[in-house]
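For reference, the structure is listed below as structure tokens.
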There are 4 protein chains.
Amino acid sequence: MNKTKKIIFEAAIKAFSQKGYHKSTMDEIAETAGVAKGTLYYHFKSKEDIFKFIIDEGLKMMEEEIIDKTKHLENPIEKLRMVCKVQLDLVIKYIEFFKTILSQMWGDEERQNQLREILNRYFNLIEGYLQEAADAGLIDGTDIKVKVYNFFGIMASTVVYSLIHKDKNANDIIEETIEFIMRGIGKR
Amino acid sequence: MNKTKKIIFEAAIKAFSQKGYHKSTMDEIAETAGVAKGTLYYHFKSKEDIFKFIIDEGLKMMEEEIIDKTKHLENPIEKLRMVCKVQLDLVIKYIEFFKTILSQMWGDEERQNQLREILNRYFNLIEGYLQEAADAGLIDGTDIKVKVYNFFGIMASTVVYSLIHKDKNANDIIEETIEFIMRGIGKR
Amino acid sequence: MNKTKKIIFEAAIKAFSQKGYHKSTMDEIAETAGVAKGTLYYHFKSKEDIFKFIIDEGLKMMEEEIIDKTKHLENPIEKLRMVCKVQLDLVIKYIEFFKTILSQMWGDEERQNQLREILNRYFNLIEGYLQEAADAGLIDGTDIKVKVYNFFGIMASTVVYSLIHKDKNANDIIEETIEFIMRGIGKR
Amino acid sequence: MNKTKKIIFEAAIKAFSQKGYHKSTMDEIAETAGVAKGTLYYHFKSKEDIFKFIIDEGLKMMEEEIIDKTKHLENPIEKLRMVCKVQLDLVIKYIEFFKTILSQMWGDEERQNQLREILNRYFNLIEGYLQEAADAGLIDGTDIKVKVYNFFGIMASTVVYSLIHKDKNANDIIEETIEFIMRGIGKR
DNA sequence: TATGAATGAGAGTTCATTCAT
DNA sequence: CATGAATGAACTCTCATTCAT
């Protein structure tokens, strides 16, 4: 990613996170980036293209972080706890990015379908960890796929908490949320 | 709610559910309702006003259904199971309505803040059921509020499932999802 | 055609005639018409739609004029002469309109295909007059369809003349052009 | 014309012929030519400049072909027939090139005025052949200039034919069209 | 000679809202 | 109560041209 593209990328993240996809305009992104509007279109095909690029990069970083932080662990349960921890930490750290995802993942527009496709990569990653624990007989092994969605849903709940308790520190709920998940997946 | 207002209300539900808030136009709502565009503004202040009205009515119905279906039950755990069941059934039945909520609840626009305020009523309702079970010592009593959000998140996961497995019947995952919740809240 | 639509129609004719299709802007048409730009889109689907509407109306008027001016004549040759005369008079009178047609009829865009479809109506009209004269044995009867195109081409040549001799009066060439056509079609 | 310029020239011909002037972009021409966009501006002043260059070269070739194919003929009428034949053959062979000319010759932009100036050279050439025949008393000698335009118009009609009967072979109408012209100019 | 990243004016289109009837 | 023509700000996107390298 060259310099200008990166500048645009960052300006767009900021815009989408603060205002959501529809309320962010190309004019505004260009101004924040300090480039002309045409430059946006030199580096990206369209507004949707910028969006997709951001989601893609963001998810990639998240996956890398999860993999990196779990690779030194042996116990599948410990791994799962770490996945939860990393995941929830990232949600709190990049809460605006997650809001963008959560606002755009429900519809039927091209952009939204693509977003879900990218998310699928993440779901597969989580499934791997759950399956590993199930294979070791450490958690309930039925309906692993459903558990993946539940896992995702609880991650979303952290965002809801932050939205409703804007004054509070969402870190406070991480431990309890991890426990909820661990119990939910049927840890033995 | 008089006749014309009701017609508009229903046309708007249909539009928002099928296309989301932004892609639904006042023109389209008016056409579906079979009234002139100006008539929309006679009965509602604005597009956001229609949206708020729908969310309000929808949540009200949901709350009534939950209360109605649990009032004959005695055991707090049975009540909670019923709350889950009713809730997930409604999600599947009115999935488009929930998609609309889920797409609009993350932002900072007036409409979105109002939506969260309305959702709070629902959160309080759920909290009551959880508190009751906790008071009876039937579930883990710590951080009840956090459990409410987790509960909500899992509801959302059912929508995700439907989005990703468009061909499958989401009813298949209800039982497993209820179990996830019951374990997650620390049923004893 | 209601009042506002007519105003837009006339502003658009003026714009397209003076500047051609591509150089005419919706802003300019709106300003000339004295309405807001949005009003253009209330009455027409798109810029192309305005264009098509104009061509359609223009050709209709032309056909009516030709039919009207020939209906009292009996002799097919006299009719043909009158067709030529009316046609060439119209070309000179509405030369800007014909330039618009001539600039837009060669391409492969939707608008241009539609234009040719509309032109076909005119070709059929001319063919009728030629066929009548051929049936009466008054002109060469071979390849009537080709003669129709030749007829059209010569009409175009009048526009070329006007373009190149902007100072001169194109009426001067009408008689000679009619003779060219009459000889060309093989009048006996 | 050096190598790079020639490559650009050919890419531009292809573009203008296939898509017309306005729909052809400098990006596309550069890509077809296999050079950078800046290179276009090294060899040509502007897009209009490329256009003019192409028209100029194209007309030159056409004139050369006409002169070449008639120079061995003695009889002015035979020459005229040959001019028609060569002309119509070229129209059919390079129909896309002629469409480009025909779409651009009616307006008032600089490029369009220049195009007509270049066309004038061709008109003078045709006039020479007609004058020669008139001087020899072989055709009607009145209004030779008007006949030139008529001649041009009929050439255009061949393009119209091709546009409307895309499936048919335009060669089929050449003979009849030549006859139309020969009769039209008043061959004796 | 050649490049290609950057530009920015300007295009067509959308749509929530208004208001005279 | 209801209408629908009219509005205009705001939007995304295009593309010929420039210029530092």
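Residue numbers start from 1 in every chain, and the chains themselves are labelled A, B, ... in the order their sequence lines are given, proteins ahead of strands. Scope of the values below: all heavy atoms of this structure, side chains included, with no hydrogens, waters or symmetry mates. Predicted, not measured: the structure shown is a model, and the values here were computed from it.
Regarding D:R111, its CZ atom lies at a distance of 11 Å from the P atom of F:dA16, rounded to whole Å. Atom pair B:I29:CD1 and F:dG4:P shows a separation of 17 Å (rounding to whole Å applied). When rounded to the nearest whole Å, the span between CD of A:E28 and C1' of F:dT12 equals 14 Å. Between the NZ atom of A:K19 and the P atom of F:dA10 there is a distance of 12 Å, given to the nearest Å. In this structure, OH of B:Y21 is placed 12 Å from C1' of E:dC15, rounded to the nearest angstrom. Atom CG in C:D49 sits about 12 Å away from atom P in E:dT14, given to the nearest Å. Atom-to-atom, CD1 of B:I8 to P of F:dC1 comes out at 12 Å; the value is rounded to the nearest Å.
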Base, backbone or nothing for each nucleotide of nucleotides 6-11 of chain E, written B, S, -, heavy atoms under 4.0 angstrom, 5' to 3'?
-> BBB-BS

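Scored by the salt bridge (charged side-chain N to carboxylate O under 4.0 Å, His left out) test, C:E10 finds no partners at all (sequence neighbours excluded). The ring-ring contact (aromatic ring centres under 6.0 Å, His included) check on A:Y94 picks up nothing, with sequence neighbours excluded. By the ring-ring contact (aromatic ring centres under 6.0 Å, His included) test, A:F53 is found to be paired with A:F9, A:F44, residues two or more places apart in sequence or in another chain being considered. Contacts of D:K6 classified as salt bridge (charged side-chain N to carboxylate O under 4.0 Å, His left out), with partners at least two apart in sequence or in another chain: none. Not counting sequence neighbours, the partners of A:K19 by the salt bridge (charged side-chain N to carboxylate O under 4.0 Å, His left out) test are A:E28. Scored by the side-chain hydrogen bond (donor to acceptor under 3.5 Å, both in side chains) test, C:E96 finds C:K99 as partners (sequence neighbours excluded).
Salt bridge absent: B:E63 and B:K60 never bring a charged side-chain N and a carboxylate O closer than 4.0 Å. Salt-bridge annotation for C:K23 and D:D108: absent, with no side-chain N of the basic residue lying under 4.0 Å from a carboxylate O of the acidic one.
Contact annotation: A:Y41 side-chain N/O to F:dC13 OP1/OP2 distance is under 4.0 Å.
Look at the P atom in both F:dT21 and E:dT1: the space between them is 23 Å, to the nearest Å.
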Pairing pattern in dot-bracket form [Watson-Crick, G-U; both distances under 3.5 Å; | = partner strand] for DNA chain E = .||||||||||||||||||||

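Judged as a salt bridge (charged side-chain N to carboxylate O under 4.0 Å, His left out), the pairs with a partner in residues 39-51 of chain B (not counting sequence neighbours) are, in order, B:E48-B:R111.
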